[in-house]
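Residue numbering restarts at 1 for every chain, and letters A, B, ... go by the order of the sequence lines. Since this is a predicted model, take the numbers as computed values, not measurements.
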2 protein chains.
Amino acid sequence: MSTDPPGFELPLRLFMGFRVLIDELHAELARQGHPDLRPMHGFVLQAIGTRGTTAAELGRHLGVSKQAAGKTLDALEHLGYVERGTDPNDARRKIVRLTQRGVDSLVRSARIFEDLRSGWADTLGEDRLRALESDLRRVTPTDFFRLDVPGWFGGYQ
Amino acid sequence: MSTDPPGFELPLRLFMGFRVLIDELHAELARQGHPDLRPMHGFVLQAIGTRGTTAAELGRHLGVSKQAAGKTLDALEHLGYVERGTDPNDARRKIVRLTQRGVDSLVRSARIFEDLRSGWADTLGEDRLRALESDLRRVTPTDFFRLDVPGWFGGYQ
DNA sequence: CTATATAGACAACCACGTTGTCGATCATAG
DNA sequence: CTATGATCGACAACGTGGTTGTCTATATAG
């Protein structure tokens with residue numbers, strides 16, 4: 001019997017797979033008129049969704065402080081992907097909604113992700129890909145994404 | 001036939017798998033006497049290896065500037081994981097080598113990664129895990145790791 | 001000997017995260 | 001109706017990681 005791969009290969013491959021997909025997504029997104037979008041922006045836009053949200057709510061949902069979420073929203077607003085409005089029921093809240101451009105980026109992202117998945121299915125076979133997704137589901141938590149990647153990886157515990 | 005999972009689930013699961021493994025590694029590393037190590041430190045220590053390197057060489061290897069590599073080495077030196085010496089053949093170069101503590105962290109990391117992989121093998125079965133690793137190898141580049149994760153994910157193109 | 005390339009140090013800067021503080025607003029208890 | 005406490009958003013200060021640009025010292029090629 002052959003020996004197992006070294007244990008450190010598994011996390012490396014998982015991350016490389018993630019990075020390959022995200023890089024290809026953003027390369028294609030840039031070609032389709034969204035060159036300013038960064039990987040984290042996609043997760044934020046996805047978290048805002050069509051219903052809108054607030055900075056504090058977004059921060060809780062993504063596992064960062066409301067200040068951090070607010071800063072990211074400032075950037076996205078400046079890029080024209082979101083706009084802020086008021087909440088008629090609560091004068092404290094400023095509701096953030098996707099602009100048309102924001103929705104467009106989300107629609108295109110979904111389409112591109114499907115294409116990328118199809119590419120993997122062509123390489124691996126649909127059955128193997130489904131097995132991969134299924135296995136990953138079994139070893140990862142069900143809840144959503146944490147947005148604190150830069151700090152998590154590099155900085156402040 | 002059942003429908004495919006949405007395309008965006010794949011990158012999410014890949015990243016979550018990575019994050020789960022790295023988080024468990026560092027939780028265990030903290031228990032074993034290395035509470036100050038951050039995820040990126042492990043990749044740097046691994047890249048230094050037992051032969052030693054220089055800041056500029058490390059930067060090239062990890063895909064960041066020599067200045068960025070130098071800053072990270074400063075931090076690691078301050079934490080006692082690496083030490084700098086001179087190169088008798090080239091007075092410009094300062095060779096960075098792992099300290100005993102640095103080697104210890106690497107030995108423990110390797111051991112912990114093996115244990116984590118065993119845990120996945122218990123959950124998924126050794127054959128499915130090997131298939132997962134093999135499939136990932138087919139869709140990811142062969143070369144090593146890029147260290148620019150914080151900036152890649154969040155910032156400056 | 002001179003021109004070029006490289007190592008490392010230093011500074012200025014930007015992005016993203018943190019905590020702490022503050023005024024405005026809402027919700028609730030008395 | 002009013003006092004109290006919680007929450008929202010804004011602002012400031014700070015730490016960390018990355019970038020580019022500049023500088024000196026040292027190798028190396030012509």
Is there a side-chain polar atom (N or O) of A:R60 under 4.0 Å from OP1 or OP2 of D:dC8? yes
So, is B:S65 close to the D:dG18 phosphate, meaning a side-chain N or O under 4.0 Å from OP1 or OP2? no
Round to the nearest Å and state the distance from A:F153 atom CZ to C:dA15 atom C1'. 17 Å
Could you state the atom-to-atom distance from CG of A:L147 to P of C:dA15 in whole Å? 17 Å
With respect to the phosphate group of C:dT6, does any side-chain polar atom (N or O) of B:K66 fall under 4.0 Å of OP1 or OP2? no
Rounded distance (Å) that lies between atom C1' of C:dT18 and atom CH2 of A:W152: 18 Å
Heavy-atom nearest nucleotide on DNA chain C taken for A:A75 and for B:R93; more 5' hit belongs to B:R93
Proximity to the side chain of B:Q67 - top-ranked nucleotide from D:dC8, C:dT19, D:dT22: D:dT22
What does A:A91 touch in the nucleic acid at a heavy-atom separation under 4.0 angstrom: a base, only the sugar-phosphate, or nothing? sugar-phosphate
Backbone of B:L136 reached by a side-chain donor or acceptor of B:T140 within 3.5 Å: yes
Can you check the A:H41 NE2 to C:dC16 C1' distance for me, whole Å? 10 Å
Write down the distance between CG (A:D74) and C1' (C:dG17), rounded to a whole number of angstrom. 14 Å
Looking across every strand, which nucleic acid part, if any, lies under 4.0 Å from B:T54 by heavy atom: base, sugar-phosphate, or nothing? sugar-phosphate
With the side chain counted from C-beta on, respond yes when B:F113 and A:P11 share a heavy-atom pair under 4.5 Å apart, and no when they do not. yes
Minimum-distance nucleotide to B:K71 side chain [options: D:dA27, C:dA11, C:dA12]: C:dA12
Which residue, A:T72 or B:D90, contacts DNA chain C at a nucleotide closer to its 5' end, judged by nearest heavy atom? B:D90
Side-chain contact check for B:R92: nearest option of D:dG17, D:dA27, C:dA11 is D:dA27
Taking the side chain from A:E114 and the backbone from B:G7, do they hold a donor-acceptor pair closer than 3.5 Å? yes
Taking atom types as modelled and ignoring hydrogens, do the side chains of A:D36 and A:H41 form a donor-acceptor contact shorter than 3.5 angstrom? no
A:R84 has an atom CZ; how far is it from atom C1' of D:dC8, in whole Å? 12 Å
Rounding to an integer number of Å, can you tell me how far B:E57 CD sits from C:dA7 C1'? 11 Å
A:D87 CG to D:dG9 P, straight-line distance once rounded to whole Å: 9 Å
Parallel, tilted or perpendicular: which describes the rings of B:F15 and A:W152, with under 30° parallel and over 60° perpendicular? perpendicular
Sugar-phosphate, base or nothing in reach of B:A56, heavy atoms under 4.0 Å: sugar-phosphate
